[in-house]
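Beneath this line is the structure, given in structure tokens, with notes to follow.
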Number of protein chains: 2
Amino acid sequence: MTEPETAPRRAAPSTLREVGLRAGVSAMTVSRALKDDPRVAPETKQRVREAAAELGYRRNEMARSLRMGRTSGMVGLVVTNLANPFYSQMALGAEEVVAERGMKVVLSNTDDDEAREREVVDDLAARRVDGMIVVPAGREQAHLGPGPLSGLPVVLAARPPSGVVADCAVLDDVGGTREAIARLVADGHRRIGFLGPSATWTSDERLRGYRSVLGEAGIAVDARLERCSQRDVPSAERAAAELLDLPDPPTAIFGANSRNTIGAYRAIRRAGRTGVALSGFDDFDLADMLEVPLTVVAYDPGDMGRAAARLLLDRIDERPGADSSEPRRVVVPTRIVSYPGGAFG
Amino acid sequence: MTEPETAPRRAAPSTLREVGLRAGVSAMTVSRALKDDPRVAPETKQRVREAAAELGYRRNEMARSLRMGRTSGMVGLVVTNLANPFYSQMALGAEEVVAERGMKVVLSNTDDDEAREREVVDDLAARRVDGMIVVPAGREQAHLGPGPLSGLPVVLAARPPSGVVADCAVLDDVGGTREAIARLVADGHRRIGFLGPSATWTSDERLRGYRSVLGEAGIAVDARLERCSQRDVPSAERAAAELLDLPDPPTAIFGANSRNTIGAYRAIRRAGRTGVALSGFDDFDLADMLEVPLTVVAYDPGDMGRAAARLLLDRIDERPGADSSEPRRVVVPTRIVSYPGGAFG
DNA sequence: TTGTACGCGTTATCAT
DNA sequence: ATGATAACGCGTACAA
């Protein structure tokens, strides 16, 4: 396997004209030949193909987009934290749908920083992406509106629009939580602790689902059982420990995300409590291998990415002139999964 | 917050000329004004800025790249499976370094399919990315060489080059494994099981590390203790169970990846064995909460993404004419982490 | 201080 | 069956 001399390292990409020069035809004929245009003589086509191959010619998609229209064949994907498996799986789902159309995903991570979000969104618009999927960092997204972005299609993911009209794909936070809490209530629990992260839309929704089920069951809300400021496992564990230390402790604990559920698990195990039911939003690896029974609200993050991508592609397909239809909202379903716990009994 | 009437949904992006028309100057003056060129009269600048704002003007980066040179400000990132936290964290690391330079990452997932890899690589080249980071799907990457890609800079990640000359960033598979196995040997273990996935470069390396330590310790390799075809937890659990059922079972088991380690854990627990040491490559969530002591080879996947991105940027910065230097290889370090197990004793 | 001409690589349109 | 021309949006070089 020796390097052919015709392909020096870092050659400037060759152009239609160069291929034409080599094949003894014009750039236009090359363009047509490579597109297999029937009007080009088969013999010419052959010559052109050979010349193109020898030169390692590859069509310049940027120049092509410029000439063809305003479509780059790229969609922007802006996420808050790609290291979070939720968002990376979502990204994969979106990429899957976008790739099916031969389009590409341009990725940006914002680290939940609104200023950074504005920058990357602007940059993506300047690169003329055909649309973007955004997991918004802030509570409000006026900067993503048709005004600021000249009508560039935007779909929100994971959080619904606020201060802007846009399609979105969100999880069934309320429904999923309601189902899990309803199970606890059906099992006879009346004192159910709720552990969640500090105010985020998603966590608020889950708290709302929790309260609504309690209300419907005629159970008074006890503020001491609601702890909503834990962002990591250690703080969640402390909060859970405090719940268990109450004079009238909960008989069940619900974690609004996996970190809170895991923290609760640690507290329960450490306190040596048995009979405290554990439940939570988010499935996680090894959830089936804990030493206590666990019921989780599970879902496929990829579904959200796919749904968001489909919403976006629909918008991109809309005739630019046409009056846009009402904003759409896709709610990604959740399902309840129960693990018996003590897997090896 | 009402929509300004000047920004209809899905307006065609405005151009320098349109802004100029509105401001009563030529396109050239607009270009200069927006770049804050000192030669433009402050008053003109002001008019231009207003006109640009009113029209929601945004520079067309694609047209700009076309005019300016052959650089798009984008790098391709081709991974086999973004749903795998390893690759998504790697992607985040790469994005971080690339974004620092004001460049963008174009993402593609190959699902470990070589044909798909060829397609996306070709597409990225056609989009004139400035370079690409590739986690190769196959054992051989001649199609990523300077010939096929006209010298477009390519950095391999996770696997070293084969059939091609290229920079790469890889994990210290051998070193990490050696360290873990050496600990087991130091603890007196002489029968150590090895569980790995079917032939992959990474797994072969880890097996090599395992064997080398045994050899140096004068321990004969026992083929029955090496099981290398488990790709998921259930099959790993079965393989581990078979090891434990041997007449002369291992006193320690090493998993070449987290799925194999978890499978081994399940088998150990299910068999009710105590005293079987567990170790493995890859850290994972809840590794600290298992019921047996566990020692893992840990590392930061983001390091690999960052290293690969830096290698790539260095290549991109090389003077295109300059003779390229020797290929570089960055080895991302690993570290040993021990969890006592039975966290709640 | 501002404008004109030209070209980046491609393709639609109109010749030949 | 093939070529010439123009234009996509921008920036360099030069002119005014």
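Protein chains get the first letters and strands the later ones, always in sequence-line order, with residue 1 at the start of each.
Across all strands shown, A:T44 has heavy atoms under 4.0 Å from sugar-phosphate atoms exclusively, and none from any base. If you check every strand for non-hydrogen atoms under 4.0 Å, B:L16 touches sugar and phosphate atoms only.
Rounding to the nearest 0.5 Å places CD of B:E140 at 13.5 Å from CZ of B:R159.
Position along DNA chain C of the nearest nucleotide to A:S14 versus B:T29 favours B:T29 as the more 5'-ward residue. Residues A:T15 and B:P38 each lie close to DNA chain C; by heavy-atom proximity, the contact nearer the 5' end of the strand is made by B:P38.
Atom CG in B:D37 sits about 10 Å away from atom P in C:dT2, given to the nearest Å. In this entry the distance linking CD of B:E18 with C1' of D:dC10 reads 14 Å, nearest Å. When rounded to the nearest whole Å, the span between CG of A:N60 and C1' of D:dC10 equals 14 Å. Distance, B:L34 CG to D:dG11 P: 9 Å, rounded to whole Å. Atoms CZ (A:R128) and P (D:dG9) sit 9 Å apart, rounded to a whole Å. For A:L66 and C:dC8, the CG to C1' distance is 9 Å, given to the nearest whole Å. When rounded to the nearest whole Å, the span between CE of B:M62 and C1' of D:dG11 equals 16 Å.
Taking every heavy atom of both residues into account, A:V135 and A:T80 meet most closely at O-CG2, 3.5 Å. Nearest heavy-atom pair, B:V134 versus B:P136, reported as atom, atom and distance to 0.1 Å: O-CD, 3.2 Å.
In the model, A:E114 has no side-chain atom that pairs as donor or acceptor with a side-chain atom of A:H143 under 3.5 Å.
Between the side chain of A:S88 and the backbone N or O of B:S88, no donor-acceptor pair lies under 3.5 Å. Judged by distance alone, with hydrogens and angles left aside, the side-chain atoms of A:K45 form a donor-acceptor pair with the main-chain N or O of A:D37 at under 3.5 Å. Formation of a donor-acceptor pair under 3.5 Å by the B:R17 side chain with backbone atoms of B:A27 is not found in this model. Under a 3.5 Å cut-off, the side chain of A:R315 and the backbone N or O of A:R310 do not form any donor-acceptor pair. Using a distance-only test at 3.5 Å, with no hydrogens or angles considered, a donor-acceptor pair links the side chain of B:N109 to the main chain of B:L82.
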Under 3.5 Å, which protein N or O atoms sit close to an N or O of nucleotides 12-16 of chain C? Give each pair with its distance.
unit_1	atom_1	unit_2	atom_2	d
C:dA12	O4'	A:R67	NH2	3.4

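Taking five base pairs at each end of the helix from C:dT1-D:dA16 to C:dT16-D:dA1, the local helix axes there meet at an angle of 50°, rounded to 10°.
An OP1 or OP2 oxygen of D:dG11 is reached within less than 4.0 angstrom by a side-chain nitrogen or oxygen of B:S31.
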